[in-house]
Structures are given as C-alpha cells and as structure tokens.
There are 2 protein chains.
Amino acid sequence: MPRRTDLSDTFCPVGRSAELLGDRAVLLILRDLFFGRRRFEAIATNTGLGPQLVSARLKLMEEQGVVERHAYQERPPRHEYRLTAKGKDLFDVLYAMRNWAERWAYEEGEIVGPAVRYTHRACGADVGTSTVCPGCGEPLRYGDLKGEPSAALKAEQAARAGA
Amino acid sequence: MPRRTDLSDTFCPVGRSAELLGDRAVLLILRDLFFGRRRFEAIATNTGLGPQLVSARLKLMEEQGVVERHAYQERPPRHEYRLTAKGKDLFDVLYAMRNWAERWAYEEGEIVGPAVRYTHRACGADVGTSTVCPGCGEPLRYGDLKGEPSAALKAEQAARAGA
DNA sequence: CTTGTCACTATGATTATCATAGTTACTATC
DNA sequence: GATAGTAACTATGATAATCATAGTGACAAG
C-alpha cells in the first residue's frame, strides 16, 4: 500500500484511537496481554501472527506507551511485555468488543453459554455482557473481573500451543 | 499481502470482533454513521478514505449486518447507509475508544476541554469520560448522549468538506 | 447542451503482510 | 564437548490490500 493517511493529528478522538486500534494485530496482542500472556513466543503462538508482525506491533505499542519491555532474566537476555497504565486503560474497549461479540457474533447453538464467562470479584455475580455489575450495580473496571474461557475456547488455545 | 488468517471462526469473542473492527476504515465509517453521516460522499469526504475503500467496507459491513442500504430517492437512484441494531450496538466500543483517547491521546494544552463534549440527555450532566452518568448514575447507552464537537474539530471537518 | 451532483468502478504504483527459514545467545542433555 | 532445545527475534520473497487519480452512468439544473 501507499503510506496510509496519518490520523494521529486529527482532533477526533475516535480517529486518534483508530490509528492504534484499527489493526487486527494490535487488538489480538492486547487481548493476550490482558489475559496474562507476556512473552513474545506465547503471544506469537496464541495469536497466530508471524513473529515479524508481533515484533513490529510491540515496538509500535511501546512507542505509543501502552506496553513496556521488562527484562525478566539477564543471561541470556529475555524480556516480557507488560501493559502500562495507558494500556490497561484500554480494557473498556476490549471488554466492549467482547460484549458485542457475545451478543452478535455466534450462531444460535454454536456454543453453550458465553465464550468467556466473567464474574465480578467483589460480589461473585456473573456479569453477562453488561458494563455495570447486575449483582451490585458497580461499574466494571480492569481487574474487577475474573474471566473463565469456555471449554471450546480452551481447547482451541491448547491446540495452537501444542501444534 | 497474502490472505490474512480468518478470525471469524475463533471461539474468542475479541478475535471475532477484531475481524471487523481491527480495521481503520471500518472504525472511521462507523464513527461517521454514529454522527449521522449517511451518504457515501459525505463519508468518503469526511473520513478522507478513497471511494473504493469506502465502497468495499460498506459492502463488508452490509454483509456482516451492521449497516443497511436504503434508497432515499428513485430517480436517479440514490442510497444512504444506516446502522442496524447490530451496528448501533457497537456504540459502546466507539464510546470506549473515544474515552480512552480523551484521556490519553492529546498533548497537555493541545486543546481546551474535551475534543467532543458529551452530555446526558436525561439529566443534562456533562458525562466526562465515564461509562455511567456522573449526574444521575445511569449507564450510558446509544442515544442517551448528545455530542458537541470542539471548535477545533468543527474547523477540521469544515476544511475537509470545503476543499 | 454544458455543467454539476451522487455513487460509485477502473487502473497502476506502492507497501504491508504472510509463510518460511535463518540468527543469536545461551542452557541442558547425552 | 557436540548436539539439541529455547526464547526472541531478523531476513527473504510472493502476494494482496491500499492509495491517488481518473473515469463512468444516471439524472437535474441552468
């Protein structure tokens, strides 16, 4: 492609977000980071993206300040990637995407129950696909939720990690 | 590129959403639709995307059931694009993107106040960047909010429409 | 009968992405 | 101490998506 138009100087907030988030690879990497995958290989394997793409996107995300590289051992040098505060604040976006997909992206009877079941740590309620806890009424934030992948999703991830 | 991996059959809900939303053009078109731009030319002009891309993405979005084509006149045939219920339900995603950008994507002093100010129709409160109205405590949904673009954003859009 | 508008489609240059293979720097095993 | 393994990448070449620009068809207005 020719260089795509840069949106980082628009005054529109959705445009500015789209510059980073309007990219499949970035979204998938963010998902994995939110699920606790911090290492390059784990992310590359689980997302199914090539190492080159993962490398490029992690660099971009580091530049944008949403992830940080940490060395977790010296010899040989090994790093992991962690969400910064700016990155963790993207939780609402990913959670909204998840909610939308749970409501619209599965065929009738394709899976039993939600693809990932979330419960509110504070009160234990199943939050369904709402942004406010149906049990206690609190707005849901990053860290408040415990996600439990369905059997189908677990199997799929295991298959990618195994093969 | 080689054909990119299809994510529409993953069991991960974020993956399924990313198939549609992990695309700058789709996000920009959705933004314009949410802001009431329904016509092809208006969308192409305001987004800055080429007509070919707009055409391709609107087709995709129609296939996915997030927009519908309506004829608003017979001779000559003219259409407009409207969000379906499935499309309107993406509001939370776009709103979360907006909130994140308002918090993180502007330099100190780059603009005065928010890029787009939202007020809750029901109670008149400025909602800031929250998902629950700070005035009355109600969760914010599509249609509940009135957006007022900043002067800078208005000027930018006028420039694109004029040139 | 020329100009204008709307909603597109066509063309060619450029570049991002994918699959595959290779690299570096170690550790662990035989 | 030679081979295999692991983690985090980089290099290469084929393919396809995107952009800029121009063009089309159907009609309305002047």
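Order of the sequence lines fixes the chain letters, A, B, ..., with proteins taken first and strands second; residue numbering starts at 1 for each chain. Any value given below was found using the heavy atoms of this structure, including those in side chains, with hydrogens, waters and symmetry copies removed. Everything numeric in this text was worked out from a predicted model, so none of it was measured.
When the nucleotides dT17(C), dC8(C), dA8(D) are ranked by their closest atom to the side chain of Arg69(B), dC8(C) comes out on top. If you check dT9(C), dA8(D), dT18(D) against the side chain of Arg57(B), the one that comes closest is dT18(D). You'll find that the side chain of Lys59(A) is closest to dT10(D), out of dT17(C), dT10(D), dA7(C). In the set dC18(C), dA7(D), dA7(C), the nucleotide with an atom closest to the side chain of Phe40(B) is dA7(C). Across dC9(D), dC6(C), dC8(C), the shortest atom-to-atom separation from the side chain of His79(A) is found for dC9(D).
Regarding Leu27(A), its CG atom lies at a distance of 16 Å from the C1' atom of dT17(C), rounded to whole Å. Between Glu41(B) atom CD and dT9(C) atom C1' the separation is 13 Å, expressed in whole Å. The separation between Gln73(A) atom CD and dC9(D) atom P is 13 Å, rounded to whole Å. In this structure, the CD atom of Glu80(B) is 20 Å from the P atom of dT5(C), given to the nearest Å. In this structure, the CG atom of Leu53(B) is 15 Å from the P atom of dA16(C), given to the nearest Å. Rounded to whole Å, the distance from CZ on Arg24(B) to C1' on dA17(D) is 13 Å. For the pair Asp23(A) CG and dA17(D) C1', the computed distance is 13 Å after rounding to whole Å. Rounded to an integer number of Å, the gap from CZ of Arg38(B) to P of dC6(C) is 16 Å.
For the pair Arg39(A) and Tyr72(A), the cation-pi criterion (under 6.0 Å, within 45° of the ring axis) is fulfilled.
Ion pair Arg16(A)/Glu110(B) flagged as a salt bridge, since at least one NZ, NE, NH1 or NH2 atom sits closer than 4.0 Å to an Asp/Glu carboxylate oxygen. Between Arg117(B) and Asp126(B) there is a salt bridge, since a side-chain N of the basic residue sits under 4.0 Å from a carboxylate O of the acidic one. Looking at Glu156(A) and Lys154(A), no side-chain N of the basic residue comes within less than 4.0 Å of a carboxylate O on the acidic one, giving no salt bridge.
The side chain of Tyr81(B) contributes an N or O atom lying less than 4.0 Å from OP1 or OP2 of dC8(C). In this model, the phosphate group of dA7(C) is not approached by any side-chain N or O of Ser55(B) to a distance below 4.0 Å at OP1 or OP2.
A donor N or O paired with an acceptor N or O is found under 3.5 Å between the base of dT11(C) and the side-chain atoms of Gln52(B). A donor and an acceptor atom sit less than 3.5 Å apart, one in the side chain of Arg78(A) and one in the base of dA7(D).
Here the two rings, on Tyr142(A) and Tyr95(A), have centers that are 6.0 Å apart or farther.
Along DNA chain C, the nucleotide nearest Leu49(A) and the nucleotide nearest Ala56(B) are compared for position; the residue whose nucleotide lies closer to the 5' end is Ala56(B).
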